[in-house]
Amino acid sequence: MTYLVDHWSFDPFMIIVVVLVVWHEIGLARLARRSRPERTRQRRRRSFLFYGGLAMLLIAVQSPIDYWSDDYFFVHMIQHLLLMFAAPTLVVAGAPWQPLLDALPGGLGRSLTRTTMRDRWSRPLRAVAGFMLRPWVAVVFFSVVMIFWHLPQPFDLAERNQAVHIWLMHGSFFIAGILFWLQFIPSPPFLRRMPLLSQAVALVATNVVMWMLAMSMSIFTQVSWYSAYSHVPGVTMPAYADQQLGAAILWVCGDFWAVPALFMVLRRIINEDGGVGAAIDQILNRGPARSGWASSGRTRPAGPATQPPLSPPTEP
């Protein structure tokens with residue numbers, strides 16, 4: 001029991017989370033004054049998901065998980081899963097973007113959004129954001145970040161340098177998770193641009209990357225990869241056994257998010273294509289691929305081929 005109740009830390013990140021919650025509540029209150037009741041209730045339900053994501057971040061970096069991750073690789077893997085899967089999925093599902101903008105003083109939120117979306121000074125920012133939000137860029141970036149930080153040299157560097165560990169490793173995990181899950185989870189005003197079939201392929205491919213990484217750390221090697229865990233004082237678990245346990249956690253626990261997301265995508269494909277057989281034909285490329293617009297009989301609205309990843313807030 002002492003493993004769970006001891007070694008909690010209280011660093012400045014707690015203050016940041018409290019400020020974000022208060023800021024978000026101010027935005028929700030301002031939006032509620034000019035919104036329909038059903039929209040207000042919808043935002044309130046989403047806010048609980050956002051706060052759950054912030055709670056996952058606190059658990060990852062301030063609970064005993066953070067303390068014991070310095071001694072045990074398998075605990076470190078739990079922390080990584082919280083940062084790449086649990087926290088980002090809840091934050092994206094919580095869609096905190098518009099309430100946080102509306103909490104800015106006066107009309108600064110709307111003005112800032114309009115100038116960012118339209119003015120010349122923000123073109124480089126829009127170009128970078130647009131590139132990173134491209135569906136396959138986000139998917140590939142997620143896997144690259146995951147693989148890179150589990151290579152021996154970058155991992156050991158992060159273990160020995162707290163600035164690299166916190167700002168680069170953990171920061172890139174969370175950002176990659178946000179970009180990845182924005183491709184699958186509705187999060188207004190961001191627009192999901194990845195077709196359903198591509199979503200299914202992306203989830204399967206990402207899961208395969210995780211399996212290969214887990215097998216590389218356990219089945220395809222006989223030694224510990226990470227010197228940071230080779231001689232930890234007071235730890236009797238062999239470093240290689242610790243690594244195998246961490247690989248198993250990556251393999252199994254990563255599926256807790258990837259597999260349900262894949263089932264949801266497949267369910268939408270089945271609903272739009274009229275049956276399991278048609279969905280399988282589409283996945284196996286045995287029939288014409290159809291988008292959600294075509295299969296539902298609707299006409300795609302006129303406009304540019306690509307839509308901006310972020311639309312300016314409109315009147316609710």
Side-chain angles (χ1 to χ4, degrees), residues 24 27-28 31 35-36 38-39 42-43 45-47 49-50 53 85 87-102 109-119 122-142 174-203 205-206 257-258 260-262 264-269 271-273 282 289-316:
H24 191 260
L28 287 177
L31 286 168
S35 299
R36 299 187 300 273
E38 59 269 21
R39 293 294 298 276
Q42 185 182 55
R43 291 194 188 98
R45 290 193 295 268
R46 284 178 173 161
S47 72
L49 297 172
F50 174 52
F85 288 85
T89 54
L90 290 170
V91 169
V92 169
W97 328 111
Q98 188 170 351
L100 291 175
L101 280 173
D102 273 71
R110 290 190 170 192
S111 175
L112 179 62
T113 302
R114 283 194 296 268
T115 58
T116 302
M117 295 298 298
R118 299 171 185 173
D119 289 0
S122 61
R123 284 180 181 174
L125 178 63
R126 294 200 303 269
V128 172
F131 177 76
M132 294 305 298
L133 282 165
R134 290 180 181 176
W136 284 106
V137 172
V139 169
V140 171
F141 180 66
F142 183 87
F174 182 68
I175 292 172
I178 292 289
L179 293 173
F180 180 83
W181 291 108
L182 278 172
Q183 312 308 319
F184 306 96
I185 301 174
S187 189
F190 286 92
L191 302 174
R192 289 181 299 166
R193 296 178 293 168
M194 180 177 278
L196 290 176
L197 179 59
S198 297
Q199 289 183 28
V201 173
L203 287 168
T206 304
W257 282 268
L262 179 60
M264 291 179 65
V265 171
L266 293 178
R267 182 177 179 181
R268 291 201 295 268
I269 292 176
N271 289 339
E272 292 189 353
D273 286 330
Q282 181 178 338
R290 294 182 293 170
S291 67
W293 292 94
S295 61
S296 58
R298 293 176 288 174
T299 302
R300 184 181 296 275
T306 58
Q307 303 177 39
L310 179 63
S311 303
T314 57
E315 189 69 24

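A donor-acceptor pair under 3.5 Å is formed between the side chain of Ser35 and the backbone N or O of Leu31. At least one donor-acceptor pair under 3.5 Å links the side chain of Gln199 to the backbone N or O of Met194.
Rounding to the nearest 0.5 Å places CZ of Arg123 at 14.0 Å from CZ of Arg118. From Gln183, atom CD reaches atom CG of Leu191 across 11.0 Å, with rounding to the nearest 0.5 Å. One distance of note links CG of Leu182 with CZ of Arg193; it measures 10.5 Å at 0.5 Å rounding.
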Side-chain donor/acceptor pairs under 3.5 Å, residues 132-142, sequence neighbours excluded:
none

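Ser122 pairs by the side chain to side chain donor-acceptor pair (under 3.5 Å) definition with Arg126, not counting sequence neighbours. Looking at residues two or more places apart in sequence or on another chain, you find a side-chain contact (heavy atoms from CB on, under 4.5 Å) between Ile175 and Leu179. In terms of the ring pair (Phe, Tyr, Trp, His ring centres under 6.0 Å) criterion, residue partners of Phe50 (sequence neighbours excluded) are, by chain and number, His24. Under the side-chain contact (heavy atoms from CB on, under 4.5 Å) criterion, Arg267 pairs with Asn271, sequence neighbours left out. Residues that satisfy the side chain to side chain donor-acceptor pair (under 3.5 Å) test with Ser47, not counting sequence neighbours, are Arg44.
Between Arg46 and Pro99, every side-chain heavy-atom pair lies at or beyond the 4.5 Å cut-off. A 4.5 Å side-chain heavy-atom check between Ile185 and Phe180 finds every atom pair outside the cut-off. A heavy-atom distance below 4.5 Å is found between the side chains of Val91 and Trp97. At least one side-chain heavy atom of Ile178 sits under 4.5 Å from a side-chain heavy atom of Phe174.
Listed here is the closest heavy atom pair of Gly53 and Ala87: O-CB, 3.7 Å. The two residues Val265 and Ala200 come nearest to each other via the heavy atoms CG1-N, 3.8 Å. Heavy-atom minimum distance, Gly177 versus Pro88: C-CB, 3.5 Å.
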